[in-house]
Amino acid sequence: MTRATRVRALFALAILALSTFLALTQPARLGLDLRGGTQLVLETRDSPTAEADREATDRTLEVLRRRVDALGVSEPNLSRAGDHRIVVELPGLDDPDEAAEVLGRTAQLTVHPVLGTTAPGTDTGRTAPADGSTVLPDDAGTPLRLGPAALTGAEVRRAAAEFDGQDGSGWSVGLTLHGAGERAWARLTGKAACAAPDDPARRAAIVLDRKVISSPRVEASVACGVGITGGTTRITGGFDQHAAQELALLINGGALPVPVDIVEQRAVGPTLGALAITSSAQAAVIGVALTAVFITVVYRLLGALATLALACYALISYAALLALGATLTLPGLAGFVLAIGMAVDANVLVFERAREEYAAGPHARPRTLRSALAAGFRNAFSAIADSNVTTLLAAVLLFFFASGPVRGFGVTLCIGVTASMVSALLVTRVLAECALALRPVGRRPRLTGLAGLGRVRSWLSRRRPDLMRHRRRWLALSGAALLLAGSGIAVRGLDYGVEFTGGRMVEYTTTRPVDAERARAALGTAGLDRAQVSTSGDRTLTVRTERLSAAQLTAAGRVVDELGGGAQKVRDELIGPSLGEELRRGALVALGLALLAQLGYLAVRFRWTFALSAVVAMAHDAVVLVGVFAWLGKPLDGVFLAALLTVIGYSVNDSVVVFDRVRELRGAGRGTPFPDLANTAVLQTVPRTVNTGMGAVFILAALAALGGDTLTDFALALLIGIVVGTYSSVFTATPLAVVLERNGGASPRRSDRRPARRGGRPDRWDTGARV
């Protein structure tokens, strides 16, 4: 073992030891879509008396934190997002309307003297400038003229729901006042006690958010001018237990400094979250097992070692997730599983280059297995780095421009890409170098998987098809695919998800299958004539509408329950129209920036013709994928956005590998016509493209079959993207680069053609060897 190998081995052991420690000692943070619960996004806005600045949002956050603590939710999470938004996560609470009612109310409690009543029909809610009085109806609808507030909720020490069955009042809210509040209450009730028993002025109005919730009459036993002392009183009003407890909770939490609007609301049942974890875990195990078998069959001993490195990769990725304190969401879990398939790519690139080095031919100096492997790592590094950087660009854009759950996908994808490089360039290398240093392995080179070109490369070396000869035909075929996809978008239209349009989406699981048309008609009879109904699988029904009140939600649940012989609400999402527009705009910005970022990076690393060709191929793949989803009637939501940007990363990965080989061939074979160089590069990189694609397909097929409804669409989008991306890198990006190079006058004349040379030897293109 060389000194460099020992250093790499120590470094790898240190990383694995630290990863193992974190995995054993740190608990994973699961998102609400995996463990069940409710998420609310609230947005502060200006009030007549306060500006919704950063400081007001921070104060609002503290009030909300007290309210959440009073709800008794286990392990709640509240955080500020920007200057005006607050994200509230409530695990285990699957009733979003209840949470929204408690957290979204301003809860401004005031107590006013009653100056008298006014005639029915009087305009209420306005403040008279002369005496500062306000007209508000009491709980019986009688307009009361109220004086300025005598005390506020800030002077309440404690509120508690109380039940008194002896006097028949039932549930009420007891208030304990302190300081100035105790004295103000005594003055208010002392003045009211001086009025006649039937005079409205003998009442005190308790107002919550400009609504009179109680207006009790001061009892005859209270002395005029003395009032009620001791700092205690009760709010009555025909409350039931739930209403009394909620009011006490609001009073104890305090009033919000500024009003808030609920712009996003999500709820996932614990059953659905547990099912997502189980199905994703099964998909991961099956997909990784199939991938491991595949690369072991193709690369034999080195493939088996790469499988072991993949296990190390999974450990490193999981530990990095724990170290960053990232929350693992459902799309994030899918990204974690998907990145395992992507980690195969770096190993395949190295092994294919090592195969080429070992089979360099009689004109080259003899290669040993160890030197061929070292050369494989050295020569594949450029392609590995470029392809991973472009994927990271897409992942970073996901994090900054996508919504919360999809941001989790971006985080896990970033971690996965970084861990895959560590796994391939460090762990796999250490394991492979140690194995090749063994004498029994050195005597059996075919056992390693490096001796031999492989079936795909051998077939190509025998047939050697001239793919670039028909470059215009391939470009015409790509244009036809774009036309077909564009017609799907024009004819069928795009079915934007609730995230991008705003509205409410409720998903139910039913005991027996429900016909969508029958459910739509029944919901229309119940007053939801504009609801969109869709089914997925045998017993999953989704209702989407622009607006859905609590009463309409109850009616919808009753209809679905009757049709399905029993129904359970498993998901409930509410997106405000302003947030939906913002998310849609952010998705377009993310897509545009991804294309520009890829173009800029590739223009620096390669020629502008290569960069433009790769970006055109990416745009081609994106349009085709959107068109296919339009033809299939699939929704375009946040999870689809994650898949779309991942497809962009996949597409540019394939193009980068091909163009990296073109650049290498061009440097070694100056004077060779560019179409011949491009054709050779494509043929030499096809084995890597096929083997990498197969590794990802196993993972995605498992996700599509076992991942549930959300992951099925995600996996379907990526499967389509991989197929289209593999095609476009060979039959769109490369032919377009040939056309651009020829039109730009960069290609030499055919008479200038001569074999590429490296180190004084001609290249053996007929065997697909490295130039």
Side-chain angles (χ1 to χ4, degrees), residues 47 49-50 55-56 58-73 76 78 101-114 139 146-164 166-167 169-193 203-219 221-223 225-260:
S47 69
T49 58
E55 181 180 352
D58 285 335
R59 295 200 309 271
T60 303
L61 177 62
E62 292 306 313
V63 173
L64 293 176
R65 198 182 305 277
R66 291 196 295 270
R67 292 186 184 180
V68 169
D69 291 340
L71 279 174
V73 177
L78 289 84
E101 175 66 21
V102 172
L103 299 182
R105 296 182 66 174
T106 307
Q108 181 68 46
L109 181 73
T110 53
V111 182
H112 301 253
V114 177
D139 50 0
L146 309 180
L151 62 116
T152 67
E155 292 149 339
V156 176
R157 174 180 296 172
R158 188 179 68 87
E162 300 174 347
F163 180 78
D164 189 349
Q166 295 182 353
D167 61 1
S169 61
W171 284 95
S172 63
V173 178
L175 301 182
T176 301
L177 308 173
H178 63 87
E182 181 179 346
R183 295 187 293 272
W185 177 246
R187 288 194 300 270
L188 173 63
T189 54
K191 184 177 180 180
R203 299 162 66 183
I206 301 174
V207 179
L208 182 68
D209 291 342
R210 299 184 62 80
K211 179 181 179 181
V212 178
I213 59 174
S214 179
S215 54
R217 188 179 304 275
V218 177
E219 296 178 356
S221 59
V222 178
V226 178
I228 301 174
T229 59
T232 60
T233 188
R234 285 194 307 162
I235 302 176
T236 59
F239 302 120
D240 57 16
Q241 181 180 1
H242 177 76
Q245 290 174 342
E246 181 180 304
L247 178 59
L249 186 155
L250 291 171
I251 296 173
N252 286 327
L256 297 178
V258 289
V260 296

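Here the structure is a predicted model, which is why all the values come from computation and not from measurement.
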Euclidean distance, [Y] [atom2] relative to [X] [atom1], rounded to 0.5 Å:
X: Leu250; Y: Gln108; atom1: CG; atom2: CD; answer: 12.0 Å
X: Phe239; Y: Gln245; atom1: CZ; atom2: CD; answer: 12.5 Å
X: Leu177; Y: Thr232; atom1: CG; atom2: OG1; answer: 7.5 Å
X: Glu182; Y: Arg187; atom1: CD; atom2: CZ; answer: 11.0 Å
X: Leu78; Y: Glu62; atom1: CG; atom2: CD; answer: 9.0 Å
X: Leu256; Y: Leu103; atom1: CG; atom2: CG; answer: 9.0 Å

For Pro113 and Pro148, the nearest pair of non-hydrogen atoms, with its separation, is CD-O, 3.3 Å
Nearest atoms (heavy-atom pairs only) where Ala244 meets Ser172: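 Smallest heavy-atom distance, with atoms named: CB-O, 4.0 Å.
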Tell me, please, which residues at least two apart from [X] pass salt bridge (charged side-chain N to carboxylate O under 4.0 Å, His left out).
X: Arg217; answer: none
X: Glu55; answer: Arg59
X: Glu246; answer: Arg105

Is the side chain of Thr189 donor-acceptor paired with the backbone N or O of Ile228 at a distance under 3.5 Å, no angle test?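 The answer is yes, because a donor-acceptor pair under 3.5 Å joins these two groups.
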Residues that Thr233 engages under side-chain hydrogen bond (donor to acceptor under 3.5 Å, both in side chains), provided they are two or more places apart: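 Testing Thr233 for side-chain hydrogen bond (donor to acceptor under 3.5 Å, both in side chains), a comparison that skips the adjacent residues, returns none.
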Which residues satisfy the side-chain hydrogen bond (donor to acceptor under 3.5 Å, both in side chains) test with Ser214, sequence neighbours excluded? none
Would you call Val222 and Val226 a side-chain contact if the rule is heavy atoms closer than 4.5 Å? no
Min side-chain heavy-atom separation Leu146-Val114 under 4.5 Å: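 Yes; the side chains approach each other to less than 4.5 Å.
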List the atom pairs, with distances to 0.1 Å, where a side-chain N or O of residues 151-161 and a protein N or O form a donor-acceptor pair under 3.5 Å, not counting sequence neighbours.
{"unit_1": "Thr152", "atom_1": "OG1", "unit_2": "Ala154", "atom_2": "N", "d": "3.4"}
{"unit_1": "Glu155", "atom_1": "OE1", "unit_2": "Thr152", "atom_2": "N", "d": "3.0"}

